[in-house]
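Each remark here refers to the structure printed beneath this line.
It should be emphasised that the depicted structure is a prediction, and the values quoted were computed from it without experimental measurement.
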Amino acid sequence: MRLLIDGDACPNKEELYQLALDYNLEMIVFCDYSHIINGEYETIYCDVGHDEVDQIIYKEAHRDDIIITQDYGLASLLILKGARVIHVNGFILDEDNIYSYLASRYESAKARRSKKKTKQMKKRSSDMQENLLSCVKFTIESHN
């Protein structure tokens, strides 16, 4: 089991790294070359471009890895691989809920194309940060 992070969008990398150390897990952060990420954890840089980071994460992910991302398309593919996926806001994405998130993403994209007003993303709260860390800890502990 490893902790793989879609680093372009994931906050709390230092706290997540501390969790990985506490549970003796390898942590790898994936990002593109337009981002600079400094930390003691391993960082894999990918080409800049649409879904470049997602493709590398998918290729590198194994069954039982824990992946943190906010990309529902990537999450759906990882779930099929047997990985455990956690959204950056601290909730689990799995077979039971991924289709509703994909449908919501589709509807939002359709509304944006037709120039309709869509909901703005909520500003990241301290509760979301705590939810992320708690969810990762719970996932690690429930699968050890």
Side-chain angles (χ1 to χ4, degrees), residues 1-112 117-144:
M1 178 189 314
R2 301 173 300 163
L3 184 58
L4 308 181
I5 298 178
D6 187 344
D8 295 343
C10 184
N12 303 91
K13 287 183 229 11
E14 294 305 319
E15 293 91 340
L16 290 165
Y17 181 60
Q18 187 57 55
L19 263 179
L21 288 176
D22 292 346
Y23 289 94
N24 198 27
L25 294 179
E26 178 183 9
M27 180 172 134
I28 305 171
V29 176
F30 298 82
C31 65
D32 65 37
Y33 287 111
S34 67
H35 295 84
I36 297 173
I37 297 179
N38 296 315
E40 294 182 35
Y41 39 81
E42 181 180 355
T43 304
I44 294 178
Y45 288 95
C46 309
D47 289 335
V48 176
H50 184 67
D51 293 333
E52 292 290 333
V53 171
D54 297 345
Q55 290 175 31
I56 300 299
I57 292 172
Y58 178 76
K59 180 181 170 191
E60 291 295 320
H62 300 118
R63 178 174 195 73
D64 295 329
D65 282 343
I66 299 170
I67 295 95
I68 299 173
T69 187
Q70 66 181 10
D71 185 302
Y72 298 132
L74 174 60
S76 67
L77 296 171
L78 293 167
I79 290 166
L80 291 173
K81 266 187 134 174
R84 292 181 290 271
V85 184
I86 299 173
H87 190 276
V88 296
N89 288 341
F91 56 88
I92 294 172
L93 296 167
D94 60 20
E95 306 87 9
D96 296 330
N97 63 15
I98 191 63
Y99 296 108
S100 63
Y101 287 110
L102 287 169
S104 174
R105 180 182 79 160
Y106 170 76
E107 291 300 324
S108 293
K110 195 164 76 169
R112 284 190 302 276
K117 189 171 178 132
T118 58
K119 277 196 228 179
Q120 295 294 323
M121 287 183 61
K122 292 180 185 176
K123 190 172 183 175
R124 186 153 182 82
S125 69
S126 59
D127 284 346
M128 289 176 182
Q129 293 173 18
E130 284 304 313
N131 288 345
L132 173 60
L133 297 173
S134 295
C135 191
V136 171
K137 186 175 181 177
F138 170 80
T139 303
I140 293 167
E141 290 178 353
S142 64
H143 290 91
N144 268 341

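Taking all atoms of both residues into account, the shortest heavy-atom contact from N97 to D94 is OD1-N, 2.9 Å. Nearest heavy atoms, G7 versus V29: CA-CG1, 3.6 Å. For the residue pair A75 and V85, the shortest heavy atom distance occurs at CB-CG1, 3.6 Å. In terms of heavy atoms, A61 sits closest to K81 at O-NZ, 2.9 Å. Here the closest non-hydrogen pair linking I5 and C10 is CG2-CB, 3.5 Å. Scanning both residues, M1 and I66, for their nearest heavy atoms gives SD-CD1, 3.6 Å.
Open room surrounds NZ on K137; 12 or fewer heavy atoms of other groups in view lie less than 6.0 Å from it. In D22, the CG atom is crowded: over 12 heavy atoms of neighbouring residues, nucleotides or ligands sit closer than 6.0 Å.
To the nearest 0.5 Å, the span separating CG on L21 from CD on E26 amounts to 11.5 Å. How far CD1 of I57 is from CG of D6: 4.0 Å, rounded to the nearest 0.5 Å. Note that OG1 of T69 is 6.0 Å distant from CG of D54, once rounded to the nearest 0.5 Å. Taken to the nearest 0.5 Å, the CD atom of E14 stands 4.5 Å off from the OH atom of Y41. Atom CD1 of I67 is separated from atom CG of D71 by 12.5 Å, given to the nearest 0.5 angstrom. To the nearest 0.5 Å, the span separating CD1 on I86 from OG1 on T139 amounts to 3.5 Å.
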Next item on the list: Please lay out, stage by stage, how D65 and R84 fare under the test salt bridge (charged side-chain N to carboxylate O under 4.0 Å, His left out).
Entry: CA-CA 6 Å; D65 282 343; R84 292 181 290 271; over 6 Å; no

Margin query: side-chain contact (heavy atoms from CB on, under 4.5 Å) for M27 and L16? Distances and angles first, verdict last.
Written below: CA-CA 8 Å; M27 180 172 134; L16 290 165; 4.2 Å; yes

Notebook entry, point to check: Given the rule in the side-chain contact (heavy atoms from CB on, under 4.5 Å) test, do Y101 and H87 qualify, once you have shown the distances and angles that lead to the verdict?
Noted result: CA-CA 11 Å; Y101 287 110; H87 190 276; over 6 Å; no

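Between the N12 side chain and the E15 main chain, no donor and acceptor come within less than 3.5 Å of each other. Using a distance-only test at 3.5 Å, with no hydrogens or angles considered, no donor-acceptor pair links the side chain of N131 to the main chain of S134. A donor-acceptor pair under 3.5 Å is absent between the side-chain atoms of D51 and the main chain of L74, judged by distance alone.
Considering only heavy atoms from C-beta on, I68 comes within 4.5 Å of L3 through its side chain.
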